[in-house]
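Read the structure below first, then the notes.
Along the sequence shown, residues carry numbers from 1. Whatever order the structure lists ligands and atoms in, that order sets their numbers, starting from 1.
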Amino acid sequence: MKVLIATEKPFAENALKAIKAEIEQAGHQPVVLEEYTEQQSLLNAVKDVEALIVRSDKITVEVLDAAPKLKIIVRAGAGYDSIDTVYAKQKGVIVENTPGQNANAVAELVFGLLVYAVRSFYNGKSGSELGGKKLGILAFGNVGRNVARIAKGFGMDIYAYDAFCPADVIEAAGVHAVTRQEDLFRLCDIVTLHIPATPETRQSIDYDLVNLLPKGGIVINTARKEVINEPELLKLLANREDIKYITDIKPDADAEFAKLEGRYFSTPKKMGAQTAEANFNAGVAAAKQINAFFADGCTKFQVNK
Ligand code: NAD
């Protein structure tokens with residue numbers, strides 16, 4: 001089988017080598033398309049492949065229609081909102097992600113950003129500490145659980161809400177489970193977002209929700225920009241000068257947010273999963289999942305059932 005590794009943002013060299021080796025040892029043929037700048041390059045490359053490994057690459061109706069032999073797409077990473085999963089399903093194409101492989105990387109970044117924020121962005125002025133503060137984790141998935149693990153080391157009081165994860169699983173991790181996301185915002189000094197971008201979560205972080213935060217509250221977003229209602233968050237930040245917004249995903253209205261000196265920070269580019277380890281682990285996991293699919297039809301990580 002031909003397996004295309006199509007990445008606008010390439011894998012690290014050692015990761016690509018390991019991915020190709022994994023595919024070859026199963027008797028398949030890896031093909032690489034890296035740093036492409038035009039969609040036509042992707043349309044040409046998918047023509048005769050049975051499997052596709054991507055990162056944040058956009059897999060649209062057009063791409064799926066250009067790939068008549070395609071059977072499986074694996075997103076090396078967690079979020080798969082860049083793939084038209086519904087159309088893929090209609091065409092009988094399995095879509096998978098590689099859950100958990102970059103979760104520690106994202107969770108560590110949360111704390112890197114948080115320390116920076118509570119220490120007044122290292123501007124030389126006095127700040128505050130994370131120890132003893134209440135941390136609210138919105139979604140207790142792979143990233144949320146790693147955030148909870150690290151937060152314990154900081155001595156934080158940890159709360160979580162997840163629409164699908166049972167409260168006893170959250171409590172078993174030594175975290176207080178709350179029954180509504182509003183409670184996280186009402187209770188916690190800091191709320192960290194780990195929800196996927198879905199029809200339910202898009203623009204769900206809005207004025208009324210963030211306004212529930214106590215004085216000096218912080219929202220940190222390493223999930224997706226789409227979950228934020230940007231006009232409402234900007235309005236809230238204008239009305240509540242005590243609130244900070246920290247993000248790993250530059251908002252569309254970055255220039256507007258940037259006017260909020262000392263209360264806003266965005267990484268220049270999404271950096272959550274940008275570690276050598278996450279890059280390697282997610283890429284190799286993707287190759288293994290493709291091999292397992294062709295070997296025995298395994299679709300354990302399918303996201304478009
Ligand atoms: P995951 O699939 O392991 O966890 C997602 C959790 O969200 C699940 O527990 C699910 O039950 C919960 N959930 C789904 N809908 C919900 C809702 N409406 N309300 C509350 N909870 C809901 O994913 P993950 O690995 O923890 O990653 C979370 C998100 O972070 C990804 O979807 C992705 O968008 C983003 N992410 C960003 C980066 C980055 O580079 N910044 C890297 C990895 C992941």
### Query
Out of Pro196, Ala197, Pro199, who gets a non-hydrogen atom closest to atom 14 (C) of ligand 1?
Pro196
### Summary
Of His194, Arg145, Glu200, the one whose closest heavy atom lies nearest atom 29 (C) of ligand 1 is His194
#### Entry: Heavy-atom pair with the smallest gap, counting every atom of Asp296 and Ala292
OD1-O, 2.6 Å
### Message
For Ile220 versus Leu113, what's the shortest heavy-atom pair and its separation?
### Response
CD1-CB, 3.7 Å
State whether the shortest distance between N or O atoms of [X] and N or O atoms of ligand 1 falls below 3.5 angstrom.
{"X": "Asn102", "result": "no"}
{"X": "Arg224", "result": "yes"}
{"X": "Asn142", "result": "yes"}
{"X": "Met271", "result": "no"}
{"X": "Val143", "result": "yes"}
{"X": "Asp248", "result": "yes"}

Do [X] and [Y] belong to the same hydrophobic cluster, where Ile, Leu, Val, Met, Phe, Trp and Tyr are linked whenever their side-chain heavy atoms lie under 4.5 Å apart, directly or via other members?
{"X": "Ile170", "Y": "Ile137", "answer": "yes"}
{"X": "Val54", "Y": "Val63", "answer": "yes"}
{"X": "Tyr264", "Y": "Leu193", "answer": "yes"}

### Pi-cation contact, Phe11 with Arg55 (under 6.0 Å, within 45°)
yes
How far is [atom] from its nearest protein heavy atom, and which residue and atom name does that atom have?
{"atom": "atom 19 (N) of ligand 1", "answer": "Ala163 CB, 3.5 Å"}
{"atom": "atom 30 (O) of ligand 1", "answer": "Ala223 CA, 3.9 Å"}
{"atom": "atom 4 (O) of ligand 1", "answer": "Gly141 CA, 3.3 Å"}
{"atom": "atom 18 (N) of ligand 1", "answer": "Thr201 CG2, 3.4 Å"}
{"atom": "atom 8 (C) of ligand 1", "answer": "Asp162 OD2, 3.5 Å"}
{"atom": "atom 44 (C) of ligand 1", "answer": "Ala78 CB, 3.8 Å"}

### Task
Identify whether the distance between the nearest side-chain nitrogen and carboxylate oxygen of Lys2 and Asp48 falls below 4.0 Å.
yes
### Query
Taking NZ, NE, NH1 and NH2 as the nitrogens, is one of them in Asp57 or Lys9 under 4.0 Å from a carboxylate oxygen of the other?
no
### Query
Under 3.5 Å, is there a donor-acceptor pair linking the side chains of Asp248 and Thr267?
yes
### Query
Going by distance alone, is a donor N or O of one side chain under 3.5 Å from an acceptor N or O of the other, for Glu96 and Gln289?
yes
Relative to the heavy atoms of [X], which atoms of ligand 1 are at a distance of less than 4.0 Å?
{"X": "Val106", "value": "38 (C), 42 (C), 43 (C)"}
{"X": "Ala139", "value": "6 (C), 7 (O), 12 (C), 21 (N)"}
{"X": "Thr222", "value": "35 (C), 36 (N), 37 (C), 38 (C), 39 (C), 41 (N)"}
{"X": "Ala273", "value": "40 (O)"}
{"X": "Phe164", "value": "11 (O), 13 (N), 14 (C), 15 (N), 16 (C)"}
{"X": "Phe140", "value": "9 (O)"}

### Query
What orientation do Tyr116 and Phe265 show, parallel under 30°, tilted 30 to 60°, or perpendicular over 60°?
perpendicular
### Task
Please check if atom OH in Tyr80 has more than 12 non-hydrogen atoms from other residues, nucleotides or ligands closer than 6.0 Å.
no
### Message
Protein heavy atoms near atom 2 (O) of ligand 1, is at least one of them under 4.0 angstrom away?
### Response
no
### Query
Where the side chain of Arg119 meets the backbone of Gly127, is there a donor-acceptor pair that is under 3.5 Å apart?
no
